[in-house]
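In what follows, residues are counted from 1 in the order of the sequence shown. Since we're looking at a predicted model, the values are computed, not measured.
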Amino acid sequence: MDAPSPHTRFLHDVLPRIRSDVRMTGVAVAGSLAGGTPDEYSDVDLVVVVDDESFDAVMRERLALIASWAPLVAGFTGEHVGEPRLIVTLVGPPLLHVDFTFVRVRDFAERVDDPAVVWDRDGRLAEALAQRPPAAAPFDLQWIEDRFWIWVHYGATKLGRGELFEVVGFLAYLRETVLGPLAARRAGAAPRGVRHLETVAPDEARDLRATLCGHDRGDAGRALLAAVELYRRWRDDAGAVLDHHDEAEKLAVRYLHDVLGEAD
C-alpha cells in the first residue's frame, strides 16, 4: 500500500499502540489509501475492529484511546453523517485528518468497498472479508425523480423571496445529491456526491459549472435553470425505467419561470 510519507509515518506509529490493547482484533484502512490513489491531501480512513464483548466499553473510551494512540489535536463523533461509531479527528503536527471507525468483529464484513487489512490478530478479518463480498448501495434514480420537482419548487420559492444564500446552498445540495452522482454514473464511476468529479468525469464536471452562481438573483435563477436542464438530460440518458412525474415537472418549471419573470 503506497501512501504519502505523513500517512505512512502515522500508520507506523499508531499500529503498535492499537495492537497493545488486547480488546482490539485488527485494523484496516479504507478510502483512497485502500484504493491505491492517495495524495498529500488524503484523509486516513482507519477501521478499528473490536472484540464484540468489549465494544460497548471501547465506545465509551474512544477519544481517550485515540489520544493515547496518536497526538490528538481535536475530534468529534460522526452522528452528522449517520455514523455514531465514527470519530473524526485531526492529529499532528503535521496536521493529518484521520477518521477512526470502531466496529465489532461481527460487523466488519458489512461494507461497500474492500478495505486493506493492515493488522489482523487472529485471521478473523481476512476470513470475514472472504466469506462476504462488498455490497455497494444501489443508485436509486426513481428516489430522485420522486423528489426532484418538489425540490425545484422549493428553490424557486427561496429565489422569489430573495433568500440568495439559501439558493446557493440549495444548488450545492442538488449537485451533491443528484447531479454529482448522475455525472459519476455516466462516467462509469461510483456515485459519491461530487467527490473527484473533476478527475473521474471531467466532461460532466465542466457542464456542472453552469449550476454555480454568485450572490445575485439573476445569476442564481440561471443556475437553477441549468440544474433542471442537466437533470433532465442526464436522467433521460440513463435509460432507466422510471415513473416520470410529468405534471409535477411541468408545474414546477413553470413556477420557476414565473419567479424569474418577476425577478426581471
Side-chain angles (χ1 to χ4, degrees), residues 30-39 41-43 45 78-83 86 88 97 99 101 111-114 134-156 158-159 163-216 219-245 248-249 252-253 256:
S32 58
L33 284 176
T37 58
D39 59 28
Y41 303 107
S42 295
D43 303 343
D45 297 302
E79 286 84 359
H80 67 293
V81 291
E83 180 49 274
L86 167 67
V88 181
H97 179 127
D99 289 339
T101 303
R111 66 203 190 279
V112 297
D113 295 301
D114 277 329
F139 180 75
D140 190 347
L141 188 51
Q142 186 64 60
W143 182 92
I144 292 173
E145 173 68 13
D146 292 344
R147 291 158 176 77
F148 189 79
W149 305 111
I150 299 172
W151 287 337
V152 169
H153 175 264
Y154 171 87
K158 302 309 177 188
L159 181 66
E163 296 182 37
L164 300 184
F165 287 121
E166 281 282 332
V167 179
V168 171
F170 171 68
L171 284 163
Y173 176 79
L174 287 186
R175 285 191 295 272
E176 177 74 22
T177 307
V178 177
L179 298 174
L182 273 172
R185 191 170 182 265
R186 284 170 60 85
R192 299 179 60 203
V194 293
R195 293 287 305 278
H196 306 299
L197 276 186
E198 292 87 349
T199 302
V200 302
D203 293 339
E204 289 79 5
R206 190 161 46 250
D207 290 341
L208 267 178
R209 290 186 299 187
T211 69
L212 299 172
C213 70
H215 192 268
D216 174 86
D219 197 27
R222 173 203 54 75
L224 274 172
L225 286 173
V228 166
E229 291 310 310
L230 274 181
Y231 172 68
R232 283 170 159 165
R233 173 153 57 94
W234 290 352
R235 174 199 63 185
D236 295 344
D237 288 350
V241 177
L242 293 176
D243 177 14
H244 285 224
H245 296 286
E249 177 177 350
V253 174
L256 174 57

Undergrad: Who pairs with V200 by side chain to side chain contact (heavy atoms under 4.5 Å, CB included), at least two apart in sequence or on another chain?
TA: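 Per chain and number, V200 pairs via side chain to side chain contact (heavy atoms under 4.5 Å, CB included) with A189, H196, L197.
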Undergrad: Between side-chain atoms of residues 174-186 and protein atoms elsewhere (two or more places apart, or another chain), which donor-acceptor pairs fall under 3.5 Å?
TA:
| from | atom 1 | to | atom 2 | distance (Å) |
| --- | --- | --- | --- | --- |
| R175 | NH1 | T211 | O | 2.9 |
| R175 | NH1 | T211 | OG1 | 3.1 |
| T177 | OG1 | Y173 | O | 3.0 |
| R186 | NE | E204 | OE2 | 3.4 |
| R186 | NH1 | D237 | OD2 | 3.0 |

Undergrad: Centroid-to-centroid, F148 to W143, below 6.0 Å?
TA: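 Ring centroids of F148 and W143 are no less than 6.0 Å from each other.
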Undergrad: Considering residues at least two apart in sequence or located in another chain, which fulfil the side-chain hydrogen bond (donor to acceptor under 3.5 Å, both in side chains) criterion with D207?
TA: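 For D207, no residue satisfies side-chain hydrogen bond (donor to acceptor under 3.5 Å, both in side chains) once neighbours in sequence are set aside.
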Undergrad: Which residues pass the side-chain hydrogen bond (donor to acceptor under 3.5 Å, both in side chains) test with E83, not counting sequence neighbours?
TA: R85
Undergrad: State which residues pass side chain to side chain contact (heavy atoms under 4.5 Å, CB included) with E163; sequence neighbours excluded, sorted by chain then number.
TA: K158, R161, E166
Undergrad: I'd like to check Y154 versus V167 (side-chain heavy atoms, cut-off strictly below 4.5 Å). Are they in contact?
TA: no
Undergrad: Salt bridge (Lys or Arg N to Asp or Glu O under 4.0 Å): which pairs involve residues 136-147, sequence neighbours left out?
TA: E145-R235
Undergrad: Identify, with sequence neighbours excluded, every residue that meets salt bridge (charged side-chain N to carboxylate O under 4.0 Å, His left out) alongside E229.
TA: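 By the salt bridge (charged side-chain N to carboxylate O under 4.0 Å, His left out) rule, E229 matches R232.
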Undergrad: Are side-chain heavy atoms of L141 and F139 found at a separation under 4.5 Å?
TA: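 A side-chain contact under 4.5 Å exists here.
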Undergrad: For F165, which residues count as a ring-ring contact (aromatic ring centres under 6.0 Å, His included) partner, sequence neighbours excluded?
TA: H215
Undergrad: Of all residues at least two apart in sequence or in a different chain, which pass the side-chain hydrogen bond (donor to acceptor under 3.5 Å, both in side chains) check with H153?
TA: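 With neighbours one apart ignored, the set is empty.
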Undergrad: Does the side chain of D243 come under 3.5 Å of the side chain of H245 through a donor N or O and an acceptor N or O?
TA: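 Distance-only check fails for D243 and H245.
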Undergrad: Side-chain donor-acceptor pair under 3.5 Å between S32 and S42, yes or no?
TA: yes
Undergrad: Holding to salt bridge (charged side-chain N to carboxylate O under 4.0 Å, His left out), I want the full list of residues that pass it with D114, two or more places apart in sequence or in another chain.
TA: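 Testing D114 for salt bridge (charged side-chain N to carboxylate O under 4.0 Å, His left out), a comparison that skips the adjacent residues, returns R111.
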Undergrad: Under 3.5 Å, side-chain donor or acceptor atoms of residues 219-227 against the rest of the protein: list the pairs with distances, not counting sequence neighbours.
TA:
| from | atom 1 | to | atom 2 | distance (Å) |
| --- | --- | --- | --- | --- |
| D219 | OD1 | R222 | NE | 3.0 |
| D219 | OD1 | R222 | NH2 | 2.6 |
| D219 | OD2 | G214 | N | 2.7 |
| R222 | NH1 | A210 | O | 2.6 |
| R222 | NH2 | L212 | O | 2.7 |

Undergrad: Quick one, P134 and V112 - any side-chain contact, counting heavy atoms below 4.5 Å?
TA: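 No, too far: nothing below the 4.5 Å cut-off.
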Undergrad: So T101 and D45, do their side chains get closer than 4.5 Å, heavy atoms only?
TA: no
Undergrad: Which residues satisfy the side-chain hydrogen bond (donor to acceptor under 3.5 Å, both in side chains) test with D203, sequence neighbours excluded?
TA: R206
